[in-house]
2 protein chains.
Amino acid sequence: MKVVSFNVNSLRARLAVVLGWLSEFQPDVLCTQETKVQDVDFPTDAFDEAGYKYVFKGQKSYNGVATFSKGQTSNVASGFADEPKDEARLIKTEINGIVIVNSYVPQGYSPESEKFEYKLNWFKRLGEYFKKNFEPTDPVLWVGDFNVAPKPIDVYDPAALSGHVCFHPEAQKAMKEVMAWGFIDVFRKHCSEAGQYTFWDYRLNSFKRNLGWRLDHIMATQPLAKKSTDCYIDKKPRLAEKPSDHTPIVAEFDW
Amino acid sequence: MKVVSFNVNSLRARLAVVLGWLSEFQPDVLCTQETKVQDVDFPTDAFDEAGYKYVFKGQKSYNGVATFSKGQTSNVASGFADEPKDEARLIKTEINGIVIVNSYVPQGYSPESEKFEYKLNWFKRLGEYFKKNFEPTDPVLWVGDFNVAPKPIDVYDPAALSGHVCFHPEAQKAMKEVMAWGFIDVFRKHCSEAGQYTFWDYRLNSFKRNLGWRLDHIMATQPLAKKSTDCYIDKKPRLAEKPSDHTPIVAEFDW
DNA sequence: GTTATGGGAG
DNA sequence: CTCCCATAAC
């Protein structure tokens, strides 16, 4: 079973890239973030033709998540139960006996801002969400753009980026506390290399110089993690005609 | 010798269409209007690669003209000599012994507006320009988007469009007075059919219903007109991925 | 840089 | 419907 996370930076602007990549890569599950499309405008037809099921939660201009799958989806829910008016950043579904939580964690703007507080709190709420709804012994995947590079090895220049909202001790701690419930970093199970990134700023020619960040993750509970056979970042979509600033991360499971 | 006029409605937005069409059609001269690009941003590299020379006069957002050619250009001049601060609507060059005046005549907004006065006056100044600089016995081409359909046969519904700035007796008269100096309508020399248009409004599905206007013209002085062998409108670019609202008009000369 | 928006223009 | 712009977010 092949599961992917990909921040598409507008699903409609990236439609050709996403469809081409789906067709070539044939993942079982594709979790996308920053779809930037309202539900009413979601391009369902294109994915019907591609033979994928979909669940989505979007809003105008910003955020938005969508999960595509070959197999049937069930028990779909979006956002946190207590906060129906939240931004479109979380969608849960069950596919093939696995709970898949697709999340677009707030970026946080600056460490002094309210948005950063919102980010830290969002992680906290997500931690409570897992505790309340699942057990670490369940097959659960937490997937998406976390807007956090967990360790110095996960950014191109830890010294220069020190204190950035996506490489900030408090953000790292907030993420770690969610992890502590029972998640394993599937990528780091398979690869301990430096220089492995999923995001490059559009500016500065950062992709060509590999000035990147590892912000997109596939986390699995123990029963799933022990069945993972591979995890890798696919940089091909970043070389497409209209690349996103993120690139897909792929995990494979014996499931 | 193949000469073309094409209002591209943004040269940069239409770059792929224009390059593809150039490569397929191989005209000797291509006059474009509404390039909507400042000279500093002109996409010279793409046309260098395509093997075309270019002369251009542009401005931000609106108007702009560019003439492309396989052969060498000389004696380039833009605008009217007396009005250096005019909009970028006229560029003259000489190619292969022919004077080529590429013009984007003001649209005129509404018959009551100052812009319509400007349009009528622009034709008048152009008439004086020809009188002052050339003889009707010279090989001169006046080419471009004139924003005038000269006769009822040149619009899809003369009754409904009566009084429109592009089908207005005063605009038609102003254009006719420039013609009277010594120009022949090369298209009408070869084709007297109705329903032959070069412009369709993006709205209303007008292209599919052929609700068009013949606004783009290739006019020639006698020595050139008598050597014209064909003149036709090529609707293929209007079927491209990103069509302009205009389509090219092509003239061929034994020259 | 690249996406989005809304307003102005045709 | 398709451009342009300015602004905002990342």
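Residue numbering restarts at 1 for every chain, and letters A, B, ... go by the order of the sequence lines.
- If you take CZ of B:R12 and P of C:dT2, they are 14 Å apart, rounded to a whole angstrom.
- For A:N63 and C:dT3, the CG to P distance is 17 Å, given to the nearest whole Å.
- In this structure, of D:dC10, C:dG10, C:dT3, it is C:dG10 that holds the atom nearest to the side chain of B:Y109.
- Annotation: of the two residues near DNA chain C, A:Y202 and A:K60, the 5′-most nearest-nucleotide partner is A:Y202.
- Taking 4.0 angstrom as the limit, B:S10 places none of its side-chain polar atoms (N or O) nearer than this to OP1 or OP2 of D:dC3.
- Using bins of under 30°, 30° to 60° and over 60° for the plane-to-plane angle, the ring pair B:F56/B:F42 lands in the parallel bin.
- B:F123 approaches B:V178 most closely through the heavy-atom pair O-CG2, 3.2 Å.
- No hydrogens or angles considered: nothing links the side chains of A:N63 and A:E34 as a donor-acceptor pair under 3.5 Å.
- Atom CG of B:N9 is separated from atom P of D:dC3 by 6 Å (rounded to the nearest Å).
- Phosphate contact (OP1/OP2 of C:dT3, side-chain N/O of A:S61, threshold under 4.0 Å): absent.
- In this model, the phosphate group of C:dT3 is approached by a side-chain N or O of A:K242 to a distance below 4.0 Å at OP1 or OP2.
- Closest-nucleotide positions on DNA chain C for B:Y104 and A:Q38 were compared, and the one nearer the 5' end corresponds to A:Q38.
- The separation between B:D145 atom CG and D:dC3 atom P is 17 Å, rounded to whole Å.
- Residue B:H246 contributes atom NE2, which lies 18 Å from atom P of D:dC1 at whole-angstrom precision.
- In this entry the distance linking CG of A:L15 with P of C:dA4 reads 12 Å, nearest Å.
- In this structure, of D:dC3, C:dG1, C:dG10, it is C:dG1 that holds the atom nearest to the side chain of A:R203.
- Note on A:R14: a side-chain N or O is less than 4.0 Å away from OP1 or OP2 of C:dT3.
- Here the closest non-hydrogen pair linking B:P243 and B:A240 is CD-O, 3.3 Å.
- Across the protein-nucleic acid pair, A:E34 atom CD and D:dC10 atom P stand 8 Å apart, rounded to whole Å.
- A:Y118 places its OH atom 15 Å from the C1' atom of D:dA9, with the value rounded to the nearest Å.
- Looking at A:W213 and A:T198, their side chains never bring a donor and an acceptor atom within 3.5 Å of each other.
- Mapping A:Y62 and B:T35 onto DNA chain D by nearest heavy atom places B:T35 closer to the 5' end of the strand.
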